[in-house]
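What follows is one structure encoded as structure tokens, with my remarks underneath.
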Amino acid sequence: RRVGQARLDDARRPAMVAGGEREGEEEGIRDPMAFGWHRRHIGARMADDNSLALYVHWPFCVSKCPYCDFNSHVREGVDQAQWRAALLADLAHEARALPGRRVSSIFFGGGTPSLMPPGTVAAVIGAAEAAWGFADGVEITLEANPSSVEAARFGDIAAAGVNRVSLGLQALDDATLRFLGRAHDVDEGLRALETAQAAFARVSFDLIYARPGQAVAAWERELARALAFGTEHLSLYQLTIEPGTRFATEAAAGRLTIPDGDAAADLYEATQAMTVAAGLPAYEISNHARRGAESRHNLAYWRYRDYAGIGPGAHGRRLGHATRRRRKPENWLAAIDRNGHGIEAEEALPPAMQAEEALLMGLRLAEGVDLARIARLGQRPAGELVDLGAVARLPEMVRLAGDRLTVLPAGMLLLDAILPAIVRAG
């Protein structure tokens with residue numbers, strides 16, 4: 001398997017998510033609940049409290065990157081007033097379905113949400129606060145491309161209410177950036193990072209490693225440079241070949257080869273050693289942070305809390321139901337006009353499936369999962385949801401201490417194999 005291929009951000013993936021911060025980690029559009037060997041939709045559980053995470057999908061990009069399989073689209077023109085009104089209508093529908101909540105985080109993902117007019121960003125934030133109210137210390141993140149044009153808007157985006165930005169630097173090498181189809185070069189990206197650090201209280205950026213021909217020593221030099229910038233959070237993903245992308249076509253034709261499993265594992269282990277030494281250990285398989293600087297929004301996904309998703313292709317998990325918006329921007333707009341929301345499908349999820357998905361999400365985290373909570377979710381004993389015999393046979397990979405089940409660092413290398421071995425299907 002590809003180490004750290006975990007997909008975020010959003011809902012993006014959510015991703016679970018490649019591209020952007022991929023916290024979210026986004027699917028469908030960055031559905032954090034779909035990744036690796038497990039591709040089913042998963043749903044949210046009943047909330048333990050009244051907190052709510054909100055994901056907002058902006059589907060437009062200047063160009064399509066060859067590795068990206070997110071719900072992103074290139075359009076010559078966008079009717080900004082129409083899009084603002086549609087996003088607010090979609091949000092209002094979720095507010096009616098989820099009364100009495102407090103928003104703990106908002107994540108603007110994409111696509112390229114730094115292309116959104118700051119006035120639209122402010123309108124969505126204001127509508128969310130009016131509908132639900134904000135929890136203390138609410139985290140509001142926006143994904144951004146590190147171009148000079150978009151960086152020039154960072155001050156206005158911060159003034160709109162965003163307090164955390166996630167930059168898609170992706171590499172600190174110009175040849176690699178061209179290979180990845182990125183529009184910026186290293187100097188432009190680093191100027192954008194400097195601008196972001198001046199504008200926002202919290203900054204994260206992404207890098208993609210395990211690229212064709214990449215040696216451990218070369219990656220260590222690049223990562224050391226990245227760590228020296230002093231950001232509180234890094235998302236470090238191994239390059240994966242996703243179906244339907246231009247890279248998939250290149251790989252099928254034999255024109256693109258990425259490092260094999262052993263080489264990828266060496267790169268992963270070097271990554272863990274360097275980030276731990278720098279004070280940014282992995283709190284999730286591909287995400288690293290200083291203590292207290294973890295992405296609160298993505299923790300809501302991984303800890304299996306309720307979240308609402310609005311915008312084209314966005315997924316939501318709320319009150320035991322999974323929601324999915326229409327993916328194509330034009331179809332989503334038509335649904336808003338017709339129904340007042342962009343939902344394409346909504347389904348109730350049985351308790352056993354909710355427990356299964358909470359395990360699949362939570363075992364990505366260094367903190368692991370509480371099996372007593374999993375049992376409550378699944379409405380059955382933990383031993384019917386987890387193969388405790390398999391856990392006992394993998395003492396170097398998995399640990400059970402009381403009710404706390406965690407995948408150890410050695411196990412993270414083999415996470416896609418370990419999960420189906422220990423998690424009983426719901």
Should the ring pair Tyr55 and Phe107 be called parallel, tilted or perpendicular, given that the plane angle runs from 0 to 90° and is split at 30 and 60?
parallel

Look at the rings of Tyr283 and Trp302 and say which category their plane angle falls in: under 30° parallel, 30 to 60° tilted, over 60° perpendicular.
perpendicular

Side chain [X], main chain [Y], donor-acceptor under 3.5 Å:
{"X": "Glu269", "Y": "Ala264", "result": "no"}
{"X": "Arg318", "Y": "Ala97", "result": "no"}
{"X": "Asp174", "Y": "Val186", "result": "yes"}
{"X": "Gln214", "Y": "Ala210", "result": "yes"}
{"X": "Arg305", "Y": "Leu299", "result": "no"}
{"X": "Arg102", "Y": "Trp132", "result": "yes"}
{"X": "His288", "Y": "Leu280", "result": "yes"}
{"X": "Arg326", "Y": "Asn331", "result": "no"}
{"X": "Asp90", "Y": "His341", "result": "no"}
{"X": "Ser104", "Y": "Val138", "result": "no"}

Counting only heavy atoms not in [X] (residues, nucleotides, ligands), do more than 12 fall under 6.0 Å from its [atom1]?
{"X": "Glu194", "atom1": "CD", "answer": "no"}
{"X": "Arg399", "atom1": "CZ", "answer": "no"}
{"X": "Arg255", "atom1": "CZ", "answer": "yes"}

State, with a plain yes or no, whether a side-chain heavy atom of [X] is found less than 4.5 Å away from one of [Y].
{"X": "Val56", "Y": "Leu54", "result": "yes"}
{"X": "Pro59", "Y": "Trp332", "result": "no"}
{"X": "Pro312", "Y": "Arg327", "result": "no"}
{"X": "Ile343", "Y": "Asn339", "result": "no"}
{"X": "Leu239", "Y": "Pro212", "result": "yes"}
{"X": "Thr323", "Y": "His315", "result": "no"}
{"X": "Arg424", "Y": "Val386", "result": "no"}
{"X": "Glu129", "Y": "Ile125", "result": "no"}

I'd like to know if Arg324 pairs up with Glu346 as an ion pair, taking the criterion as any Lys NZ or Arg NE/NH1/NH2 lying under 4.0 Å from an Asp or Glu carboxylate oxygen.
no

Tell me whether Arg202 is salt-bridged to Glu139, with the criterion being a basic N under 4.0 Å from an acidic carboxylate O.
yes

[X] to [Y] - nearest heavy-atom pair and separation:
{"X": "Ile285", "Y": "Tyr268", "value": "O-CE1, 3.9 Å"}
{"X": "Val103", "Y": "Ala128", "value": "CG2-O, 4.5 Å"}
{"X": "Ala123", "Y": "Leu88", "value": "O-CD2, 3.6 Å"}

Apply side chain to side chain contact (heavy atoms under 4.5 Å, CB included) to Phe108 and Thr120, showing your working.
CA-CA 11 Å; Phe108 291 87; Thr120 298; over 6 Å; no

[X] [atom1] to [Y] [atom2] distance, which is reported to the nearest 0.5 Å:
{"X": "Leu349", "Y": "His321", "atom1": "CG", "atom2": "NE2", "result": "8.0 Å"}
{"X": "Ile140", "Y": "Ser105", "atom1": "CD1", "atom2": "OG", "result": "9.0 Å"}
{"X": "Ser235", "Y": "Ile208", "atom1": "OG", "atom2": "CD1", "result": "11.0 Å"}
{"X": "Glu143", "Y": "Met116", "atom1": "CD", "atom2": "CE", "result": "12.0 Å"}
{"X": "Leu169", "Y": "Leu180", "atom1": "CG", "atom2": "CG", "result": "12.0 Å"}
{"X": "Arg164", "Y": "Arg296", "atom1": "CZ", "atom2": "CZ", "result": "9.0 Å"}

Using side chain to side chain contact (heavy atoms under 4.5 Å, CB included) as the criterion, list what pairs up with [X], not counting sequence neighbours.
{"X": "Thr112", "value": "Cys61, Ser114, Leu115, Asn145, Glu150"}
{"X": "Ala122", "value": "Ala160"}
{"X": "Leu400", "value": "Leu371, Leu388, Val391, Leu405"}
{"X": "Asp187", "value": "Asp185, Arg191"}

Please assess Tyr301 against Tyr307 for the test ring-ring contact (aromatic ring centres under 6.0 Å, His included), listing each intermediate value before the final yes or no.
CA-CA 8 Å; Tyr301 298 149; Tyr307 66 92; 4.7 Å; yes

Side chain to side chain contact (heavy atoms under 4.5 Å, CB included) evaluation trace for Val407 with Met412:
CA-CA 6 Å; Val407 176; Met412 288 294 183; 4.1 Å; yes

Step-by-step salt bridge (Lys or Arg N to Asp or Glu O under 4.0 Å) determination, Arg290 to Glu232:
CA-CA 6 Å; Arg290 300 191 189 283; Glu232 63 174 16; over 6 Å; no

Given side chain to side chain contact (heavy atoms under 4.5 Å, CB included), test Asn163 with Phe200 step by step and report yes or no.
CA-CA 6 Å; Asn163 54 27; Phe200 300 99; 5.9 Å; no

Dump the intermediate steps for salt bridge (Lys or Arg N to Asp or Glu O under 4.0 Å) on Glu344 and Arg325, then the final yes or no.
CA-CA 5 Å; Glu344 180 177 31; Arg325 258 66 182 174; over 6 Å; no

Test item: side-chain donor near acceptor, Ser147 and His184, under 3.5 Å
no

Give the intermediate values and the outcome of salt bridge (Lys or Arg N to Asp or Glu O under 4.0 Å) for residues Glu367 and Arg404.
CA-CA 8 Å; Glu367 70 185 23; Arg404 177 64 52 176; 5.1 Å; no

Answer with yes or no after comparing the ring centroid distance for Tyr209 and Tyr237 against a 6.0 Å cut-off, counting only values under it.
no

Arg153: what forms a salt bridge (charged side-chain N to carboxylate O under 4.0 Å, His left out) with it, not counting sequence neighbours?
none

Give me the one residue out of Ser295, Ser204, Ser166 that meets side chain to side chain donor-acceptor pair (under 3.5 Å) with His233.
Ser204

In sequence, state the C-alpha distance, the side-chain angles, and the governing distance for Thr275 and Leu236, and then conclude on side chain to side chain contact (heavy atoms under 4.5 Å, CB included).
CA-CA 10 Å; Thr275 53; Leu236 305 172; 3.9 Å; yes

Pairwise side chain to side chain donor-acceptor pair (under 3.5 Å) hits with a residue in residues 218-229, at least two apart
Arg211-Glu222, Trp219-Thr271

